[in-house]
Amino acid sequence: MSAQAPTAPAVARATSALSSTIGLKVVMAVTGIALFGFVLGHMAGNLQVYLPRGADGVWALDAYGEWLRELGHGGAIWVARAGLLLAFVLHVGAAWALSRRSWAARPVSYAKWVAKESTYASRTMRWTGPIVLLFVVYHLLHLTWGSAHPDFRTGGVHHNVTTGLAQPLACGVYVVAMLALGLHLFHGVWSLLQTLGLSHPRYERLRRCAAALLAALVVLGNLSIPIAALAGWLPR
Amino acid sequence: MKIRLQVWRQEHARDAGRFETYEAPDVSPDMSFLELLDVVNERLVLEGREPIAFDHDCREGICGACSVVIDGRPHGPRERTTACQLHMRSFPDGAEITLEPWRASAFPVVKDLIVDRSAFDRIIAAGGFVSAPTGSAPDGNALPIEKENADLAMDAAACIGCGACVAACPNASAMLFTAAKASQLALLPQGQPERWRRATAMVARMDQEGFGSCTNHGECMAACPKGISIDHIARLNRDWIHASLRAGRRTATSGDSAGG
Ligand code: HEM
Ligand code: FES
């Protein structure tokens, strides 16, 4: 069994694992966990937009942003950004490679096909994913670099959020993107458990509920902000 | 009953194929679906036309030969039922029913509704042998097997290899089939020595045959006439990950067995 020779270099093993559909799916699952962890943490941080100014007159969200940028002498944020970018590239790359295989595997589609077990979320993964991708680009232009923001102030996170999201069009983009993300996560969280083989009949209900709960948490937390901004409920 | 059929007709693998319409005015509700096709075919033969080619053998739901997508579902609308065990009473009088072959590049159409499913045989062959001692029959109960595992292995072994899982999957993935064939051995002590090698080899062959990539829709399980669960897919994923992490560690080969 030469393929399993003890000297097989790690690189060769990694490439052979990545040429497998299951290997690529494991990449999607692991990067999916990383991206999900980020969205959850990002959402929790964003909720500070509801907090008032501190004793020093600085908005809680601004202080939080400042803290993030200073963490580890300003290095932590770059490590996190590099990690996220890598996870994104791997996730999208694997999604693209696997989708192409699946399209090639069914060259002639059915004249009639009736869905039974799949969900709306599972059938739209290849739509909700790219929607989230486009949104991330817009979101960075809007609230990180500010070039898509009408009145961007560097370091003025609270100001940028409350004014930026109070515009109906921007608010709409955020709402649509978050609904897409919710669908993506509803199937994605369940799917990644299955991909990683974390399954047991006794916990099947639990897996479904956990996926629904986590997706709902991210979506509702994030949705509340643009809606509150548009309605003028955020502290100014 | 009156039934109208929209049937996929395709002369051979390279023919483009098209739908043709056939009327069946005198259908008994107690006929099986394949008997309906027999009746339609008899008339076609009498009219000097080419009968509809379809796969069938046992006609009792155990061989997996019959393989028609009936109105958008492999083997038709009834759960856990092969096309040969589906009866016309499952359809309303006057129904218009669409018949198509399994659609997957790994299952090329041979003719009309018949596809070549030998890719499945090659996946099984890639799984390889099971180490089993030869000689006289083992003593009863000498090899204890947990009841739960015995049951799960039997569930997996119920697979008749019909390919409905591939046909139903929006990705044309063969994960349920491959997982069932790997699980029926992975759950039993006899399957342990080659368990990890088998998982990677079968998955590699499955990919090589050009099946799509599973995205956990679950359509395979809903279409499976034997109701095989996608829990087996999770088990195959688990085994594949385990095997890949172990790769490079020394595993016993034939030369290691005692006495050469
Ligand atoms: C914040 C961003 C994202 C998060 C948190 C996320 C999360 C996930 C998770 C957890 C999975 C399940 C992996 C598995 O099946 O094992 C997944 C699958 C998938 N993702 Fe993403 N994803 C994100 C962005 C994207 C983007 C930008 C794309 C495409 C451009 C994309 C396309 C896909 C596709 C096609 C699948 C496979 C669908 C399936 O397995 O059913 N995702 N995603
Ligand atoms: S003909 Fe054997 S299962 Fe249908």
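- For the options D239(B), N171(B), I241(B), heavy-atom pairs under 4.5 Å to chain A are most numerous at N171(B).
- If you measure heavy-atom distances from P101(B) to chain A, the contacts under 4.5 Å come from the backbone alone.
- For chain A, the nearby part of C169(B) is the backbone; its heavy atoms alone come within less than 4.5 Å.
- Using a distance-only test at 3.5 Å, with no hydrogens or angles considered, a donor-acceptor pair links the side chain of E100(B) to the main chain of K112(A).
- Between chain A and the options S244(B), A106(B), P170(B), the largest number of non-hydrogen pairs under 4.5 Å is found for P170(B).
- Crowding of R205(A) atom CZ: a count of heavy atoms from other residues, nucleotides or ligands under 6.0 Å not exceeding 12.
- A distance of 4.5 Å separates CG of N237(B) from CD1 of I22(A), quoted to the nearest 0.5 Å.
- No more than 12 heavy atoms of other residues, nucleotides or ligands sit less than 6.0 Å from atom CZ of R100(A).
- Within 6.0 Å of atom CZ in R207(A), more than 12 heavy atoms from other residues, nucleotides or ligands are found, so the atom counts as buried in its surroundings.
- With a 4.5 angstrom heavy-atom cutoff, R123(A) touches chain B via backbone and side-chain atoms both.
- Within the 3.5 Å criterion, the main-chain N or O of R103(B) finds a donor-acceptor partner in the side chain of Y110(A).
- With a threshold of 4.5 angstrom between heavy atoms, T98(B) approaches chain A through side-chain atoms but not through N, CA, C or O.
- Contact annotation for A204(B): neither backbone nor side-chain heavy atoms come within less than 4.5 Å of a heavy atom of chain A.
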Test log, rule side-chain contact (heavy atoms from CB on, under 4.5 Å), inputs S20(A) and V203(B): CA-CA 8 Å; S20(A) 163; V203(B) 169; 3.8 Å; yes
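- Taking G212(B), A222(B), S229(B), S213(B) one by one and counting their heavy-atom pairs under 4.5 Å with chain A, the maximum is reached by S213(B).
- At a 4.5 Å heavy-atom cutoff, A121(A) makes no contact with chain B through either its backbone or its side chain.
- Taken from CG in N216(B) to CG in L193(A), the straight-line distance is 10.0 Å, to the nearest 0.5 Å.
- Heavy atoms from other residues, nucleotides or ligands lying under 6.0 Å from CD of E79(B) number 12 at most.
- Looking at R235(B), neither its backbone nor its side chain comes within 4.5 Å of chain A, counting heavy atoms on both sides.
- Looking at A167(B), both its backbone and its side chain come within 4.5 Å of chain A, counting heavy atoms on both sides.
- Only the side chain of F19(B) comes within contact range of chain A, judged by heavy atoms closer than 4.5 Å.
- Between K116(A) atom NZ and C220(B) atom SG the span is 13.0 Å, to the nearest 0.5 Å.
- Across G23(A), P107(A), G197(A), the residue that shares the most heavy-atom pairs under 4.5 angstrom with chain B is G197(A).
- Other residues, nucleotides and ligands contribute over 12 non-hydrogen atoms within 6.0 Å of the CZ atom of R122(B).
- The parts of E219(B) that come within reach of chain A are both its backbone and its side chain, each placing non-hydrogen atoms under 4.5 angstrom from that chain.
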Chi angles and distances behind the side-chain contact (heavy atoms from CB on, under 4.5 Å) call for E117(A), I230(B): CA-CA 11 Å; E117(A) 185 75 18; I230(B) 55 173; over 6 Å; no
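- Contact detail for A104(A) and S105(B): the closest heavy-atom pair is O-OG, 3.3 Å.
- Neither the backbone nor the side chain of S16(A) has a heavy atom closer than 4.5 Å to any heavy atom of chain B.
- Nearest approach of R238(B) to S199(A), heavy atoms of both residues: NH1-O, 3.6 Å.
- Contacts between W103(A) and chain B at a heavy-atom distance below 4.5 Å are absent for every atom of the residue.
- One distance of note links NZ of K25(A) with OG1 of T215(B); it measures 6.5 Å at 0.5 Å rounding.
- Going from atom OG of S19(A) over to atom CG of D207(B) covers 7.5 Å, rounded to the nearest 0.5 Å.
- A17(A) touches chain B through backbone and side chain together, each having a heavy atom under 4.5 Å away.
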